Structures are given as structure tokens and as C-alpha cells.
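Down below is the structure, laid out as C-alpha cells.
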There are 2 protein chains.
Amino acid sequence: MTTIHDVARVAGVSISTVSYALSGKRSITESTRRRVEAAVRELDYRPNAGARMLAGRRTYIFAVTEPLRADTYEPAHMAFVLATATAARTYDYDVLLLTQDEATGGLSRVTSSRLVDGIIVLDVLREDERADLVRSLDIPSVLIGVPDDTAGLVCVDLDFEAVGRMALDRLADAGHRTVTLLGQPQAVYDRGSNFPPRLRDAFLARAAERGIDAAFHAVEREPSDMRARLATLLDADTPPTGVVFHCEEQQQTTALELLAERGVAVPGEMSIVSAAPTFPTSGFRPPLDRIPLVPAYTCGRAVELAINQIAGSVEPRVELVPPTYEDHGSVAPLPAA
Amino acid sequence: MTTIHDVARVAGVSISTVSYALSGKRSITESTRRRVEAAVRELDYRPNAGARMLAGRRTYIFAVTEPLRADTYEPAHMAFVLATATAARTYDYDVLLLTQDEATGGLSRVTSSRLVDGIIVLDVLREDERADLVRSLDIPSVLIGVPDDTAGLVCVDLDFEAVGRMALDRLADAGHRTVTLLGQPQAVYDRGSNFPPRLRDAFLARAAERGIDAAFHAVEREPSDMRARLATLLDADTPPTGVVFHCEEQQQTTALELLAERGVAVPGEMSIVSAAPTFPTSGFRPPLDRIPLVPAYTCGRAVELAINQIAGSVEPRVELVPPTYEDHGSVAPLPAA
DNA sequence: CTGAAAGCGCTTACAG
DNA sequence: CTGAAAGCGCTTACAG
């Protein structure tokens with residue numbers, strides 16, 4: 001194994017100079033820096049991680065806690081894990097994955113053994129024991145999501161309430177007076193997931209403000225449930241003319257298939273907005289307007305805040321990322337009755 | 001921070017005794033072991049990870065490389081990551097997650113910096129650059145999956161060929177002469193995923209051996225594709241009386257829905273086997289026989305082999321886990337014509 | 001059965 | 001701008 005001593009010898013300098021040349025923590029003559037770099041390349045030197053951790057009190061590892069509950073497959077979770085790992089790498093950080101059974105125990109363990117410099121908490125519940133733990137842990141931590149009690153926490157998330165309002169406003173502005181939000185499976189709301197109720201409640205509250213007739217329905221994973229739900233809506237006395245999806249890709253494509261089968265024109269007879277999807281909706285038939293959930297941005301910001309905490313200190317806060325509206329032509333003015 | 005010196009002082013022993021008491025690497029008087037353990041508990045001591053790595057030349061971390069390609073959502077991947085993490089913890093190991101862009105670069109990096117003791121490779125392609133890298137890396141590594149060239153590698157996987165044969169045999173033994181395998185999206189086969197072709201080819205080869213009329217079709221993710229595909233099959237001159245699914249949950253439920261809509265009795269008129277699902281099929285209507293893919297077992301064995309490699313040496317090998325058949329009543333004898 | 005000590009490979013004050 | 005040296009907190013021969 002090649003060590004810093006080998007590099008120092010080849011470059012003809014001391015090991016401290018090698019260390020500083022690599023870290024940039026003190027100024028180095030251009031020529032010696034180049035010699036060090038050449039030696040590093042020649043020997044293919046890579047600092048020993050354990051030694052670096054021990055001497056430098058920095059591990060360059062984040063713990064990422066994502067329960068990955070066996071029952072909830074949501075691919076969106078994978079997207080957040082991926083985005084967090086990618087963002088971490090831009091700061092030379094790796095991610096250690098902590099799952100369900102290691103949720104709190106694992107966090108305590110990796111924190112007190114100084115295995116990680118910080119914690120990123122994913123899939124935050126409204127009441128989440130990891131939030132309480134993190135509050136007590138005195139280690140840089142960022143939650144991606146907003147629990148009910150945010151005291152003392154640093155949280156980053158898409159502003160799901162703004163998403164709900166934006167979707168409602170878009171439809172209402174186009175003249176729609178009867179709208180429906182088709183959401184996630186009921187279990188997601190029951191389990192205490194933080195963002196689906198935020199979106200739902202803001203949607204309904206805005207509708208009430210504007211005097212719009214709005215309804216909400218949870219939709220299960222089986223395609224049959226979306227079909228049944230949508231069929232019931234279409235067959236009602238006053239069917240909605242605007243629909244907002246806050247469900248997964250399969251549900252949305254199933255709904256579009258049913259609408260096509262029944263000859264309901266989108267947006268002619270039914271305007272649709274896809275709220276907070278992690279997937280593209282421009283390939284749907286027809287393409288759907290969407291207010292995207294952007295894991296890369298949210299996770300990037302979360303990692304940035306964690307890095308800032310490691311460097312200095314960051315005030316507790318809830319940072320909500322404002323949503324943006326992508327028009328793909330699936331909302332049209334309500335035709336005159 | 002509490003260190004081993006604190007524990008030693010409180011327990012009234014030397015730090016080496018503390019270390020040995022904790023690792024069990026030399027025999028300790030029962031009474032001193034108890035005093036050490038009491039001190040550890042009292043101080044809530046946890047060995048410093050960096051120091052442990054440096055002095056012990058063991059990091060207790062596995063690198064898990066799972067590309068998590070943004071385009072392939074397959075929830076099964078999440079199940080394997082989860083199962084690997086869980087299995088690792090049973091040996092006191094944590095997992096560092098390496099994704100797509102860090103596939104080979106990341107593996108080299110964490111290996112040469114001695115950040116990890118071993119590598120678990122997930123989502124193996126038939127020709128996988130990670131396999132070549134791992135071969136050259138001289139670090140304990142296990143592939144979950146079987147690339148085309150397995151020379152010098154330790155691989156563990158479900159025996160997908162046996163799965164294909166088992167499914168065919170079950171249907172053929174029940175008298176079915178025309179059978180169809182409905183597989184994954186075409187892109188999965190094109191991308192070079194290792195197991196779908198293995199299952200498919202063994203299925204077709206066994207059918208040829210036994211003189212069964214067998215066909216294969218890739219099925220895309222959109223429910224409409226499964227519907228169209230299945231409708232075409234049902235409307236054919238000689239429709240299959242036996243079907244094997246090697247596709248995701250949504251596709252399978254969609255297919256069952258269509259069969260119900262068209263009044264095709266399962267297993268009365270159509271026998272079905274679900275091949276290599278990670279999800280339960282007993283809740284389907286009707287419940288389906290399955291030959292399950294068991295990530296917990298496969299990943300458990302992979303981790304075990306990695307641990308064995310760390311402890312000593314393990315010969316290169318391909319370990320194929322024999323499949324088991326779960327009968328839920330979805331295969332019936334072919335009714336007399 | 002136990003202890004004193006060397007050493008793992010770095011980082012970072014401390015000097016010059 | 002650079003070097004010699006202390007020290008990070010463990011593990012593990014080496015002694016007894």
C-alpha cells in the first residue's frame with residue numbers, strides 16, 4: 001500500500017507538505033505543488049480513509065436514513081436516495097445507507113462512533129422518531145421533508161402546499177368550478193407521511209377560499225381502483241371538469257387509458273394537472289401539465305446545508321422550494337355549458 | 001468524547017484489556033470482562049470508527065454498487081439494496097452506497113482508500129464493467145447475478161434457468177401444450193440484464209425438449225401493452241392455456257384484471273405461474289402460484305461469502321440458489337378438448 | 001490472564 | 001514557504 005511517506009519521498013518533500021498540497025490548507029510554491037501532484041499520480045496514491053478520519057476528525061461520510069419499508073415500493077424514494085448520493089459526491093462525500101430496522105439505533109451508532117459527519121433524513125413522517133433523535137444528537141443533520149414539530153431542525157422540501165394551491169389556481173383560473181384531487185393510497189395518509197396531506201389540505205383550503213367545489217379521493221395501487229374511482233366520478237350528476245393527480249405513474253397512465261376508452265377529451269372535456277411527480281409526463285397521451293418534484297434540487301440543497309453545518313453553524317429552518325408549473329397543454333378553459 | 005482510556009480507567013484495567021474484552025480475541029476472566037462491560041455501559045462507550053479502521057485494518061463497511069439508473073425504477077432493486085444492508089448488519093457491517101456515475105470510479109476510490117472491506121455488486125449486466133474491475137481489484141467481492149464471463153468471480157443468484165424450467169414443467173406436467181412467457185420490457189433484455197434472458201432461454205429450451213409449443217413476449221410498463229398483448233394471445237387461433245409471468249406486479253394485476261373482464265377462468269381455462277417475483281402473489285385475485293425471488297436469502301448468502309473472503313479465502317464460484325415452487329392453485333390440468 | 005508499548009497513516013499546531 | 005513532531009484512538013504482537 002502506498003502511503004503519504006512514499007509520496008513525500010518521491011516528491012522530495014515532507015509529509016506535511018504533501019498533506020497541505022493535497023488539502024490546499026496552506027499556500028504552497030507552485031513548483032513543489034506540481035512535484036507532489038506528479039508523485040501522487042505516479043504512485044496512484046489515495047489517502048487512507050481511516051487515518052484521515054482519525055487525524056482530521058472528518059469522515060467524509062453522510063448517513064442517509066431511508067426506511068425503505070418493504071411494503072411501500074414508491075420509486076420516488078429511490079430517486080431521493082440517488083439524488084442525495086449524487087449531491088454528496090459533489091462535496092467529496094459518500095453515503096452510508098441506514099434502513100428501517102436501523103433507523104434510530106443505527107443513527108445513534110454511527111454518530112457516537114464518529115463514522116459520519118452528518119445525517120440526511122429521508123421519507124420523513126409527520127411524527128418521526130428520527131426527528132426527535134436528530135434533535136438530541138448534536139450532529140449536522142438535514143431532513144428532507146417537514147415533520148409536524150420542526151423546532152430545532154433544518155428541513156428542506158418542495159413546498160407541497162404551494163403545489164396544491166398552484167394546481168387549484170390553474171384549474172380555477174381556467175374557469176373550472178368542480179375539481180377533484182386523486183391522491184396516494186390511503187395507507188400513505190394513514191402512515192403519517194408528511195407531504196401528501198400538506199398538498200391535499202392546501203388544495204382543499206384554496207378551493208374553499210375561491211368557492212370552488214373540490215373533492216379528494218385516495219387511490220390504491222391496483223389499476224382497478226383508479227378505474228373504478230374515475231368511472232364513478234365521470235358518472236356523477238356533476239362530474240368534475242378538472243382533475244389533479246398526486247399519485248404514481250401507473251395510476252396516471254391507467255386514468256388516461258380509461259378516459260381515452262370512454263372518449264373523454266383531454267383537455268377538451270377534462271383538464272388535468274399532475275402534481276409533484278418525479279417522472280416526466282410529457283410522454284403521456286396526452287402529455288400532462290405538471291408541477292414537478294425535483295429530487296436533484298431538493299437533495300442538493302439538503303446536502304449543501306449539511307456541508308454548511310459541518311463548516312460552521314446553520315440556524316434551524318424550514319426551507320420550502322417554490323414549485324414551478326410546466327405547461328404541456330392539458331388544461332383548457334371550461335367550455336361554455 | 002469518551003475513549004477507550006476512559007473505559008479502562010473506570011474498569012480499573014488497561015486499554016488492551018478493554019479492547020480484548022470487547023473483541024473477544026483473547027480470554028478474559030469473567031469478573032474483569034463484567035467490569036469492562038459495566039464501564040462501557042456506564043459511559044455509553046462506542047469505539048471510534050476511524051481509529052478502529054486504522055489500527056485494525058478492518059472498516060466494517062461494504063461498498064454496495066447499485067446503479068439505480070433513473071430510467072429503470074424496478075422496485076426489486078430496492079429490495080436487494082435493503083436485503084443487502086440488512087444482511088450486512090448481522091455481521092456488524094454497514095453499507096456504503098455507490099450509484100451509477102460512481103460505478104467503477106467509486107469502486108476504485110473506496111477500495112484504494114481502504115474505506116471498505118468488500119464489495120457487493122448488484123444489478124449485474126451480462127457484460128458489466130464492474131465485473132472486470134472487481135476481478136482486478138484484489139478485494140473481497142461478491143456479485144449478485146451472473147455475468148457472461150464469471151472467471152475469477154464469486155457470484156450468487158437465484159437459479160433463473162431452473163425457474164424457467166420449473167415453470168415450464170409445471171404447466172407441461174398438467175398437460176398444457178401451448179404456453180407463453182410474458183416477460184419484462186424489451187429494454188431490459190436489450191440493456192443486457194443478466195437474469196431475464198437466462199429465465200427465458202431455459203424456458204424455451206425446456207419447451208423444445210418436451211415438444212411444447214412455447215412463445216415469449218416482452219411486455220412494456222404501460223398497462224395498455226399488457227392488455228393488448230394478452231388480448232392478442234386470447235384471440236389467436238390456438239390461444240395458450242398456460243402463461244408464465246416474469247414481469248412486475250402492475251403488469252400481473254393488469255393481466256388478471258383483463259382475464260376477469262373477459263370471463264377467462266383461472267385456472268379453469270388459463271393456468272398461470274408467476275416466475276421470480278419479489279412480491280407476494282397470494283393476495284392476487286385469483287392467487288397465483290409463484291417461484292419466488294428471495295432477496296433476503298440471496299443477499300444473505302452473498303454477504304456471508306464476502307465475510308468468508310475477509311476472514312480467509314474463497315474460491316471463485318457461481319452459487320445458484322435452487323428455486324422453490326409455491327402452490328396457490330393457479331395451475332390446473334388442461335381440460336379435455 | 002493481563003499490561004506497557006509500538007504502530008496504523010494521516011492532520012495540524014508549532015517552529016523556523 | 002516548509003519541516004519535525006505530536007497526537008488522533010484504536011489493535012495487536014511482545015512480555016511477563
Side-chain angles (χ1 to χ4, degrees), chain A residues 1-37 39-40 43-61 92 109-117 310-311, chain B residues 1-37 39-40 43-61 92 109-117 310-311:
Chain A
M1 204 178 70
T2 121
T3 74
I4 197 171
H5 288 98
D6 301 319
V7 178
R9 185 164 17 77
V10 168
V13 297
S14 71
I15 63 162
S16 57
T17 295
V18 174
S19 179
Y20 285 118
L22 258 30
S23 70
K25 287 190 183 173
R26 83 180 179 192
S27 43
I28 304 274
T29 312
E30 178 62 18
S31 68
T32 72
R33 219 206 58 233
R34 267 208 293 270
R35 264 186 301 139
V36 170
E37 281 169 3
V40 166
L43 301 173
D44 193 26
Y45 168 71
R46 205 99 51 155
N48 179 285
R52 204 170 165 217
M53 289 184 201
L54 181 57
R57 275 115 206 304
R58 270 286 272 273
T59 69
Y60 294 92
I61 299 177
D92 203 26
R109 181 171 54 78
V110 300
T111 299
S112 56
S113 67
R114 317 254 70 153
L115 218 198
V116 305
D117 295 336
I310 291 168
Chain B
M1 205 177 69
T2 122
T3 75
I4 197 172
H5 289 98
D6 301 318
V7 178
R9 185 164 17 78
V10 169
V13 297
S14 71
I15 63 162
S16 57
T17 295
V18 174
S19 179
Y20 285 119
L22 258 29
S23 70
K25 287 189 182 171
R26 82 179 180 195
S27 44
I28 303 275
T29 311
E30 179 62 17
S31 69
T32 72
R33 217 206 61 233
R34 268 209 292 271
R35 264 184 303 140
V36 170
E37 280 169 2
V40 165
L43 300 173
D44 193 25
Y45 168 71
R46 206 100 52 157
N48 178 285
R52 204 170 164 215
M53 290 183 200
L54 181 58
R57 278 116 205 305
R58 270 288 271 273
T59 69
Y60 294 93
I61 300 177
D92 203 26
R109 181 171 54 79
V110 300
T111 299
S112 57
S113 66
R114 317 253 69 153
L115 218 199
V116 304
D117 295 336
I310 292 169

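This is a predicted model, so every value here is computed, not measured. We name chains A, B, ... by the order of the sequence lines, and we start the count at 1 in each one.
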TODO: Kindly indicate, with the supporting measurements, whether the criterion side-chain contact (heavy atoms from CB on, under 4.5 Å) is fulfilled by A:T2 and A:D44.
DONE: CA-CA 8 Å; A:T2 121; A:D44 193 26; over 6 Å; no

TODO: Apply side chain to side chain donor-acceptor pair (under 3.5 Å) to the pair B:S16 and B:S14, showing each step before the final yes or no.
DONE: CA-CA 5 Å; B:S16 57; B:S14 71; 3.0 Å; yes

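Closest contact between the side chain of B:S27 and the listed nucleotides C:dC1, D:dT11, D:dG9 involves C:dC1.
When each of B:I15 and B:L54 is assigned the nucleotide of DNA chain C bearing its nearest heavy atom, the one mapping closer to the 5' terminus is B:I15. With the nearest nucleotide of DNA chain D identified for both A:I28 and B:A55, A:I28 has the one nearer the 5' end.
Using a 4.0 Å heavy-atom criterion, one finds that A:M1 contacts the sugar-phosphate atoms exclusively. Residue contacts for B:T3: at a heavy-atom cut-off of 4.0 Å it reaches the sugar-phosphate backbone alone, with no base atom in range. Contacts of B:T29 with the nucleic acid, taken as non-hydrogen atoms under 4.0 Å apart, involve only primed sugar atoms and P, OP1 or OP2. In this structure, A:T32 reaches the sugar-phosphate backbone alone: every heavy-atom distance under 4.0 Å involves primed, P, OP1 or OP2 atoms, never a base.
Whole-Å rounding puts the B:D6 CG to D:dG9 P distance at 9 Å. Taking atom NZ on A:K25 and atom C1' on D:dT2, their separation rounds to 18 Å, with Å as the unit. Taking atom CG on B:N48 and atom P on C:dG9, their separation rounds to 17 Å, with Å as the unit. The interatomic distance linking A:R46 (CZ) with C:dC10 (C1') rounds to 16 Å, in whole Å. Atom-to-atom, CZ of B:R9 to C1' of D:dG9 comes out at 14 Å; the value is rounded to the nearest Å. Per the geometry, CZ belonging to B:R34 stands 14 Å off P belonging to C:dC1, to the nearest Å. At whole-Å resolution of the value, CG in B:L115 and C1' in C:dG9 are 14 Å apart. A:R33 has its CZ atom 12 Å from the P atom of D:dC1, to the nearest Å.
Here the CD1 atom belonging to A:I28 is positioned 5.5 Å from the OG1 atom belonging to A:T17, to the nearest 0.5 angstrom. Rounding to the nearest 0.5 Å gives a distance of 15.0 Å between CZ of B:R46 and CD1 of B:I4.
The side chain of B:Y45 contributes an N or O atom lying less than 4.0 Å from OP1 or OP2 of D:dC10. Here A:S16 does not reach the OP1 or OP2 of D:dA5: none of its side-chain N or O atoms lies under 4.0 Å away. Side-chain N/O atoms of B:R52 include none lying less than 4.0 angstrom from OP1 or OP2 on C:dC8.
For the side chain to side chain contact (heavy atoms under 4.5 Å, CB included) with A:V7, the qualifying choice from A:V13, A:I15, A:V40 is A:V40, the only one to do so.
At a threshold of 4.5 Å between non-hydrogen side-chain atoms, the residues A:L22 and A:Y45 count as touching.
For C:dT2, its base sits under 3.5 Å from the side chain of B:R26 at one donor and acceptor pair at least.
Proximity of a side-chain donor or acceptor of A:T59 to a complementary backbone N or O of A:M53 within less than 3.5 Å is not detected. Under a 3.5 Å cut-off, the side chain of A:R35 and the backbone N or O of A:A11 do form a donor-acceptor pair.
Stem analysis of DNA chain D (at least three stacked-register Watson-Crick or G-U pairs, each with both distances under 3.5 Å) gives C:1-3 with D:14-16, C:5-12 with D:5-12, C:14-16 with D:1-3.
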